[in-house]
**Q** 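Submitted below is the structure of interest, expressed as structure tokens.
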Amino acid sequence: SEFRAIAIDGPAASGKSTVARRLAEDWGMTMVNSGAMYRAVTWEVLRRGINPSATGEVIALLSEVDWGCLVRNGQTVMQVGDVEPTMKQLKADEVNGAVSLIAAIPEVRELLVQKQREFLTKGDLVMEGRDIGTVVFPDTPYKVFVTASEEVRRQRRAAEGAEDAVEERDKLDSQRKASPLRVAEGAVVVDSSELAIDEVVAQVKDELIQLG
Ligand code: C5P
């Protein structure tokens, strides 16, 4: 592709979404939140009363639904057939509790990775997730891994008032067989534990600019 992709990966509450959003705004790139896609599949699984552990039923659902992915007003929007679940619905506790199970299914990943790559045919992008540098865009030179101590990430979640089993999700995301959360080869690693978000953004920008 003639377009560039910046891959931003990291665990939940590392600050990666904020970094991705700021880079996209400041550099005029499209920001794509790949987690919203895994959340949308999970939301539909739950809405239909399918048990997230019933892998065969989840896989069957993939071809039953017309899944659309687009970015509108800077927001990643998923279309589940004719329905567009809202961000609030995608961030619901039930979705938080089941998304890592759904994201561990290779067939789910295959479908969504293909859709994620299609965004690069339309323009420059910043994509955030868990496997963007390792699997989705392994050839991009622009890879960032944002991390933070468990303690800091727990505090950030508590401050947001979110009731989310972050640690459990991170554990499942890191230990699954299909595209586990890993630092991509050549990625710039930024620990945001002791930094203000402006400092994190500035550091990431410096590192990316040096890459050319
Ligand atoms: O980024 P977010 O926390 O919204 O992602 C929700 C979940 O989606 C993650 O915990 C992970 O299980 C899954 N995910 C993934 N690969 C990505 C993005 C998200 O497996 N690239």
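As a basis for the values below, the full set of heavy atoms in this structure was taken, side chains included, without hydrogen atoms, waters or symmetry mates. Counting convention: from 1, in listed order, for ligands and their atoms alike.
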**Q** Hey, is the main chain of Glu118 close enough, under 3.5 Å, to the side chain of Thr121 for a donor-acceptor pair?
**A**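 Indeed, once roles are kept as given, a pair shorter than 3.5 Å links the two residues.
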**Q** Measure from NZ or CZ of Lys122 to the centre of the six-membered ring of Phe119, then state whether that distance is under 6.0 Å and the direction lies within 45° of the axis.
**A**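 So Lys122 does make the cation-pi contact.
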**Q** Ligand 1: which residues have a non-hydrogen atom closer than 4.0 Å?
**A**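 Residues near ligand 1: Lys16, Ser34, Gly35, Tyr38, Arg39, Val99, Ser100, Ala103, Arg109, Gly129, Arg130, Asp131, Ile132, Arg169, Asp173, Arg176.
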**Q** Among Ile8, Asp9, Ile132, find the one that has a side-chain contact (heavy atoms from CB on, under 4.5 Å) with Phe145.
**A**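 That would be Asp9; it is the only one of Ile8, Asp9, Ile132 passing the side-chain contact (heavy atoms from CB on, under 4.5 Å) with Phe145.
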**Q** I'd like to know if the side chain of Ser192 and the backbone of Gly15 have a donor-acceptor N/O pair within less than 3.5 Å.
**A**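 Looks like no, no N/O pair under 3.5 Å.
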**Q** Going by distance alone, is a donor N or O of one side chain under 3.5 Å from an acceptor N or O of the other, for Asp191 and Thr147?
**A**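 Looking only at side-chain atoms, Thr147 and Asp191 do not form any donor-acceptor pair under 3.5 Å.
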**Q** Regarding Tyr38 and Arg109, do their side chains bring together a donor and an acceptor under 3.5 Å, going by distance alone?
**A**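 Tyr38 vs Arg109: donor-acceptor pair found between side chains.
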